[in-house]
Amino acid sequence: MKITMPKHLSLQTQSLLVLMAVAFVILLFSPREHKFMYNFERGQVWPYELLIAPYDITILKPQELLKAERDSVEKNILPYYKIDPSVAKEKINHWNNDCVQRWQGQLTAGYDIWIRNYLEETYEHGIIDDALNQKLLLANQREEEDEEEGHPIYEVNLLYEQNESKKHPITLFLTVKDAYQQALYRAAEAGYNPDVLRHVNFENYLKSNISEDVATRSNVVREEQQKIPNSTGVVVAGRRIVDKGDIIDDATFNILASYKKMYEDKSETDSTYIGRIGGILLIVVVLLMGLWFYWIVFRPSIFHQLKNTIFIALSILFFVFVTELAVSLFHFDVYIIPYLILPLLVRIFFDSRTAYFSHTITVLLSALFVTMPLEFIVLQMVSGMVVIFSLKNLTSRSQLIRTTFFAFLSYSILSIALSLMRNGALENADAMHTLGFAINMVFLMFAYVLVYPMEKLFGYISNISLVELSDINRPLLRQLSEHAPGTFQHSMQVSILATDAAQSIDADVQLTRTGALYHDIGKMLNAPFFTENNQGGRNPHDEMTYEESASIIIKHITGGVALAQKYKLPPQVIDFIRTHHGKGCTKYFYTMACNEHAGEYVDPAPFTYPGPNPFSRETGILMLADAVEASSRSLKEYTEESIKNLVERIVDGIVADKLLDNTPLTFREITTIKETFVAKLLTMNHSRIAYPKLKKEPILSASSEEQPESK
């Protein structure tokens, strides 16, 4: 990930601008209302001083009570149905026309009038379709089965043309089929022949004219619900609300909840709004500036690359943003959010102190959004310490599982302690918090998965990747062992020396070991030209000039870098290949060239490595270990004195050549490295005990021992 900013700005200034941009984003979604200054729960003891109403407080009904009243109003309002007069008009006109045009002369006197009257009466009472009738029957069936849901519907509000409504019994509603059957029955009662109705296809004059009016009922319900008062009374200004030590009962809880809502609503419109926004901005800026000053004083290496600031700043912003969403939008427990992922990732890529400081800033910023900030800060800060202390280096999943368990334990213990401190007993809320902690821990285990994408996105390297790269079965190392076995053994020995030296001065051990294993991979491109791979064979340098030989030797740097890039090794490992000789000289060939041209100037450029010189403690250690290990092979005897003299001469020569000037290695650390080299070389090249020669054949069995005596 490459971040570019104007070149005239220093990296410190660029980092500051990034943090200020984060501060502005946090301000955009920060809480605008003035938070209520008290935390309270139903059934708890009031821990604060006497609270007096500062102004008239309208006591709001509890939401559950208000909802119950609104639901009751809705259940008691009858459904609305509307009658369509055009249907009756259409079908009666249809009958009148058919009487004249189709049935004239076929009907005896009275039939046409009776049918017309029946149609008028039936349409006035209402004809409903089968689907609407079935819906009404099912609704009544449910009401009868569950008395708590309401009462059966025996009548509805029927709307007419002028939007006038009146209650109408549903028993008067008929379906088309029912209306037809009723017509046949009533015709027979009135002395008319039902077959006449069948003959004139009476069902053609029947049609549904009733429909449900959901919109009208919704409007009526809304209007009636708005008439329900939201309050149950008023606490006048100056009246006592609650005193220290009082139990918060239902009535007091309702008053406090009403006071809180009025307080926060008033804060959005009062004259202090701008001041509160300014206060939030000042807090955010101060906290982020504190992080920036920490980097300047204690971790200036953060400023070497702008991506470091981007990574930490975006991590902080992400968790603050998720906290705001949890509190204001989705309303879930903030303890589900895995804040501990941030210190874990920062610890993996940087160091423990930076991880804890970044975590502290994140927690303090997130506390601006939560309802109980003190409890939140205590839980997150202590758990963050536990995580950082329990995870020195992440190299395996088992370490993360152990750390996750410790974090869950610290969360749970602290939550119980805080609950006991507040109430003297555990509550149901504690069980919910414990569930949140468990979900949190599941998310925390995904930190292992996040390491790889963070490495690729920001160009970091973790101990997990270094451990994987240092496996000698990796393709590149396996090729090195096959094509340049002497170099492979040299690299293994160098890695042992460098690893011990790094550990002795508290440098990055795993990075040093991995860099040492890969530092000479370029030699396998021309393996026979290097002494360790050409034991007893023809020396190919005998047929070359000293400049040509030096060029071949130097190419193991550039060739190694190209090979590492081809196999996509991380830049941090490639740095060891570039710097393990620095801008040093191939002294053997340069000295031979000078001897051959005695008294003449010999240009050192063809004999000089391209560099750069080491710039970190780890790359500096590798340069020293590489030179010492290679030179130790020329010793005829391995005694403490000879090894010590060799180490002193090689290390002092590198220091004298100023090849370590760009590293932060101190003289004390270099002295420690020398002592480590001497001790390790003595162990690696220890003399073995001489086994005695056998002067007499051994006696093979007890029976053979007894034979001479028997003779």
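Every heavy atom of this structure was used, including side-chain atoms; hydrogens, water molecules and symmetry mates were not.
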So CD1 of I115 and CH2 of W95: to nearest 0.5 Å the spacing works out to 3.5 Å

For residues L174 and I128, determine if any side-chain heavy atom of one lies less than 4.5 Å from a side-chain heavy atom of the other. no

Decide side-chain contact (heavy atoms from CB on, under 4.5 Å) for V156 and K167; before the verdict, give the C-alpha distance in whole Å, the side-chain angles of both, and the deciding distance to 0.1 Å. CA-CA 5 Å; V156 297; K167 289 183 172 54; over 6 Å; no

Within a reach of under 6.0 Å around CD of E155, are more than 12 heavy atoms found that belong to other residues, nucleotides or ligands? yes

Do E124 and N209 make a side-chain contact, defined as non-hydrogen atoms from C-beta onward lying under 4.5 Å apart? no

Atom pair CD1 (I247) and CD (Q44), whose distance is rounded to the nearest 0.5 Å: 9.0 Å

Taking side chain as C-beta onward, heavy atoms only, is T362 less than 4.5 Å from L342? yes

Between atom OG of S358 and atom CD1 of I316, what is the distance when rounded to the nearest 0.5 Å? 5.5 Å

Side-chain heavy-atom pair I59, S231 within 4.5 angstrom cut-off: no

Does S415 use its side chain to pair, donor to acceptor, with the backbone of Y411 at less than 3.5 Å? no

Quick one: does any side-chain atom of D249 pair with a main-chain N or O of T252 as donor and acceptor, under 3.5 Å? yes

Can you find a heavy atom in the side chain of L159 that is under 4.5 Å from one in the side chain of Y81? no

Heavy-atom count around F443 CZ within 6.0 Å, excluding the residue itself: above 12? no

Heavy-atom nearest pair, K91 first then K207, reads CE-CB, 3.7 Å

Hey, does E375 have a side-chain heavy atom less than 4.5 Å from the side chain of V378? no

Within the supplied structure, the quantity of interest is the number of heavy atoms (other residues, nucleotides, ligands) at a distance under 6.0 Å from R239 CZ; does it exceed 12? no

Does the ring center of Y339 lie less than 6.0 Å from the ring center of F376? yes

Within-4.5 Å side-chain heavy-atom neighbours: L314 and V18: no

Evaluate whether atom CG of L50 has more than 12 neighbouring non-hydrogen atoms of other residues, nucleotides or ligands under 6.0 angstrom away. yes

Straight-line distance of N133 CG to F173 CZ, nearest 0.5 Å: 10.0 Å

Quick one: do K82 and D213 satisfy side-chain contact (heavy atoms from CB on, under 4.5 Å)? Show the steps, please. CA-CA 6 Å; K82 59 184 177 182; D213 192 346; 4.0 Å; yes

In this structure, which one of Q225, E224, E223 forms a side-chain hydrogen bond (donor to acceptor under 3.5 Å, both in side chains) with K227? E224

R42 to F253 six-membered ring, cation-pi geometry met (6.0 Å, 45°): yes

Would Q380 and Y335 count as having a side-chain donor-acceptor pair, cut-off 3.5 Å? no

From CD (E74) to NZ (K67), nearest 0.5 Å: 9.0 Å

Considering only distance and modelled atom types, tabulate donor-acceptor pairs under 3.5 Å from the side chains of residues 188-196, sequence neighbours left out.
unit_1	atom_1	unit_2	atom_2	d
E189	OE2	Y185	OH	2.9
N193	OD1	D195	N	3.0
D195	OD1	R198	NH1	2.5

OH/Y452: more than 12 non-hydrogen atoms of other groups inside 6.0 Å: no

Checking side-chain contact (heavy atoms from CB on, under 4.5 Å) between V334 and each of N440, L379, V370, which is the one that passes? V370

Distance, nearest 0.5 Å, that separates CZ of F408 from OG of S383: 11.0 Å

Taking all non-hydrogen atoms of both residues into account, name the closest pair between K244 and P47 and its distance. CE-O, 3.7 Å

